[in-house]
There are 2 protein chains.
Amino acid sequence: MNNPLIRKLEQFTRLSGSDRTILDELASTGIRRLSARRDLVREGEKPRAINLMLDGWAFRYKMLEDGRRQIISFFLPGDLCDLNIYLLREMDHSIAALTPLTFCEIPRDTFEQVTERPRIVQALWWDSLVAAAIQREWTVNLGQRNALERISHLICELFFRIRGVGLNDDTSFFCPITQNDLAEATGMTSVHVNRTLQELRGRGLVHWKGKQVEIPDLGALCQLALFNQNYLHLDREGAHLDAND
Amino acid sequence: MNNPLIRKLEQFTRLSGSDRTILDELASTGIRRLSARRDLVREGEKPRAINLMLDGWAFRYKMLEDGRRQIISFFLPGDLCDLNIYLLREMDHSIAALTPLTFCEIPRDTFEQVTERPRIVQALWWDSLVAAAIQREWTVNLGQRNALERISHLICELFFRIRGVGLNDDTSFFCPITQNDLAEATGMTSVHVNRTLQELRGRGLVHWKGKQVEIPDLGALCQLALFNQNYLHLDREGAHLDAND
DNA sequence: CGTGCCGTTGACGATATTCAAGTGCAGTGG
DNA sequence: CCACTGCACTTGAATATCGTCAACGGCACG
């Protein structure tokens with residue numbers, strides 16, 4: 001099986017054959033499927049297990065009492081949600097599938113097996129530090145960037161992350177986000193998202209057709225978005241841990 | 001010494017005498033002082049150590065190339081920044097003192113001593129899960145709430161967090177944030193922050209005089225802010241781990 | 001007694017929202 | 001095959017929210 005978690009972690013450090021075996025076992029326990037737009041996890045529930053996304057996209061969201069909804073983050077294949085989440089009594093947010101989704105629920109005990117593997121543990125730490133950095137960058141995005149920059153920045157981030165697990169296609173990638181989702185993720189209305197995408201299309205920076213997003217000139221888009229990829233920590237920072245086999 | 005980290009962690013679980021001794025030793029190594037508005041950590045630097053805030057406030061921030069600045073989070077006494085941060089090659093954000101600050105730099109080796117203590121390790125995990133939840137809530141705040149709700153929500157959050165380490169004063173607390181800081185934290189201009197605070201004052205919900213913030217009716221403020229404290233996980237969720245001594 | 005920071009105010013303008021209606025397209029079922 | 005339905009996307013006009021610019025007052029500090 002093609003394990004996107006391995007692919008992602010190897011952006012940090014090269015894993016050994018036995019490391020990969022362990023991660024493959026991890027990713028084959030408790031596999032579940034869910035159709036699009038269904039909740040995997042609901043706010044208020046007791047957390048059950050660690051979820052690992054294998055195929056398809058998902059998103060974290062939170063609703064306000066009056067019905068407003070904010071998408072807090074996107075989960076791509078290879079993404080883990082909330083290591084050690086079972087320490088909490090109840091979830092403070094929900095997670096839903098964006099597409100038909102294949103994921104696995106890793107029980108606490110199973111997960112603790114990988115604790116024996118220092119290289120994997122460090123790679124997982126790297127991953128959660130990056131996840132935290134992404135959340136911080138969303139704060140910056142929502143707080144400081146205007147509509148055009150904000151949408152552009154999100155597109156850049158998704159492209160780099162998708163490329164990290166090898167699911168891109170040169171200058172384009174499959175992106176199942178609707179304009180309404182984009183609105184909920186960027187804190188704008190869908191009307192304004194629509195107009196902003198038209199502006200990007202008009203400038204020749206992004207061609208979003210259906211679920212395929214093409215970026216003819218990534219450099220130009222990054223510049224417009226004030227996108228600095230440093231927060232994704234993609235420069236093989238754990239190279240000194242590389243396995244030799 | 002009155003260790004605010006202990007105070008904070010005991011919102012999760014009761015610690016034993018020896019747990020507290022270890023945390024007191026932790027909080028007495030590498031003590032440093034910094035005057036207000038100076039950087040503790042700069043974007044681009046190699047991370048050195050884990051920082052623990054002991055006295056005074058600090059904040060994380062990030063600057064865009066064109067000079068715009070977003071405050072990403074506030075650090076109060078007892079707050080730790082970035083466990084395992086030394087896995088990263090360079091910092092993707094900066095941290096500065098908001099007031100004259102006393103903090104300690106905990107080297108990697110020193111920190112790893114506490115790994116022997118399962119109860120402390122779990123409490124630290126709880127703390128970092130809460131920190132992540134706070135960052136998510138900021139995303140919701142910036143994305144969905146309007147100016148009045150947004151400022152109110154931030155005030156509610158700060159009050160609950162300050163109360164968690166016992167630094168509040170019944171219905172008020174010391175809050176060294178200027179209107180300009182508030183603007184950078186909430187993604188508004190300082191002019192609009194000013195007008196929003198006047199509105200809150202006019203409604204009798206918040207009296208912000210100098211560095212003292214009074215909240216006459218916390219319930220009413222929470223209601224206006226659509227504030228739900230569940231994300232702070234303050235209900236002693238680790239009570240089953242309580243030490244007996 | 002300046003100097004600088006913080007808070008405050010007014011007038012004006014830009015950015016984004018609201019409301020309402022309409023298009024195109026894929027999927028469903030007669 | 002075609003009507004029907006629902007969803008995603010699109011458009012226009014009116015409006016609200018928030019930003020910009022510029023100026024002023026109070027207060028602490030040197």
Side-chain angles (χ1 to χ4, degrees), chain A residues 35-38 57 59 64 66-71 96-100 141-154 174-202 206-213 224, chain B residues 35-38 57 64 66-71 96-100 141-155 174-202 206-213 224:
Chain A
S35 43
R37 305 286 163 180
R38 306 294 289 245
W57 290 34
F59 61 100
L64 300 187
D66 63 1
R68 280 177 276 178
R69 184 164 85 154
Q70 174 71 31
I71 291 182
L98 193 55
T99 63
N141 209 22
L142 290 167
Q144 296 301 320
R145 283 184 260 256
N146 63 25
L148 201 63
E149 295 161 347
R150 210 182 288 178
I151 299 275
S152 305
H153 191 280
L154 180 56
F174 172 79
C175 182
I177 303 178
T178 68
Q179 291 187 5
N180 199 48
D181 298 328
L182 257 187
E184 291 183 343
T186 56
M188 306 163 44
T189 59
S190 57
V191 171
H192 200 217
V193 165
N194 182 282
R195 289 174 176 141
T196 306
L197 285 175
Q198 290 180 50
E199 172 76 19
L200 284 173
R201 207 175 296 142
V206 175
H207 298 288
W208 192 315
K209 293 234 163 132
K211 297 184 174 175
Q212 201 67 22
V213 176
L224 171 64
Chain B
S35 42
R37 305 287 164 180
R38 304 296 287 246
W57 290 34
L64 300 186
D66 63 2
R68 280 177 275 177
R69 185 164 84 155
Q70 174 70 31
I71 290 181
L98 193 56
T99 62
N141 208 23
L142 290 167
Q144 296 301 322
R145 283 184 262 256
N146 63 25
L148 201 64
E149 295 162 348
R150 210 182 290 178
I151 298 275
S152 305
H153 192 280
L154 179 55
I155 293 172
F174 172 79
C175 181
I177 303 178
T178 67
Q179 292 186 3
N180 199 48
D181 297 328
L182 256 187
E184 292 183 341
T186 57
M188 306 165 42
T189 58
S190 58
V191 171
H192 201 212
V193 165
N194 182 282
R195 291 178 173 136
T196 305
L197 285 175
Q198 288 180 50
E199 172 75 18
L200 284 172
R201 206 176 295 140
V206 175
H207 298 289
W208 193 315
K209 294 233 162 130
K211 298 185 174 175
Q212 202 67 23
V213 175
L224 170 64

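- What separates NE2 of B/H207 from C1' of C/dG7 is a distance of 18 Å, to the nearest Å.
- Heavy atoms of A/G210 sit nowhere under 4.0 angstrom from any nucleic acid atom.
- Atom P of nucleotide C/dT8 and atom CG of B/N180 are separated by 13 Å, given to the nearest angstrom.
- Among the heavy atoms of the strands, none lies under 4.0 Å from B/R145.
- A donor-acceptor pair is defined here as one N or O able to donate and one able to accept, closer than 3.5 Å; no such pair exists between the side chain of A/E184 and the backbone of A/D181.
- Within the nucleic acid shown, B/T189 comes within 4.0 Å of at least one base atom, counting heavy atoms only.
- Across the protein-nucleic acid pair, B/L182 atom CG and D/dG19 atom C1' stand 17 Å apart, rounded to whole Å.
- In this structure, the CD atom of B/Q212 is 18 Å from the C1' atom of C/dG7, given to the nearest Å.
- Distance A/K209 NZ to D/dT10 P: 11 Å, rounded to the nearest Å.
- Contacts between residues 190-200 of chain B and DNA chain D, defined by a heavy-atom separation below 4.0 Å, involve B/V191, B/H192, B/R195, listed by number.
- No engagement by B/R68 is indicated, since no non-hydrogen atom pair under 4.0 Å with the nucleic acid exists.
- Between the P atom of D/dG19 and the CD atom of A/Q144 lies a distance of 10 Å, rounded to the nearest Å.
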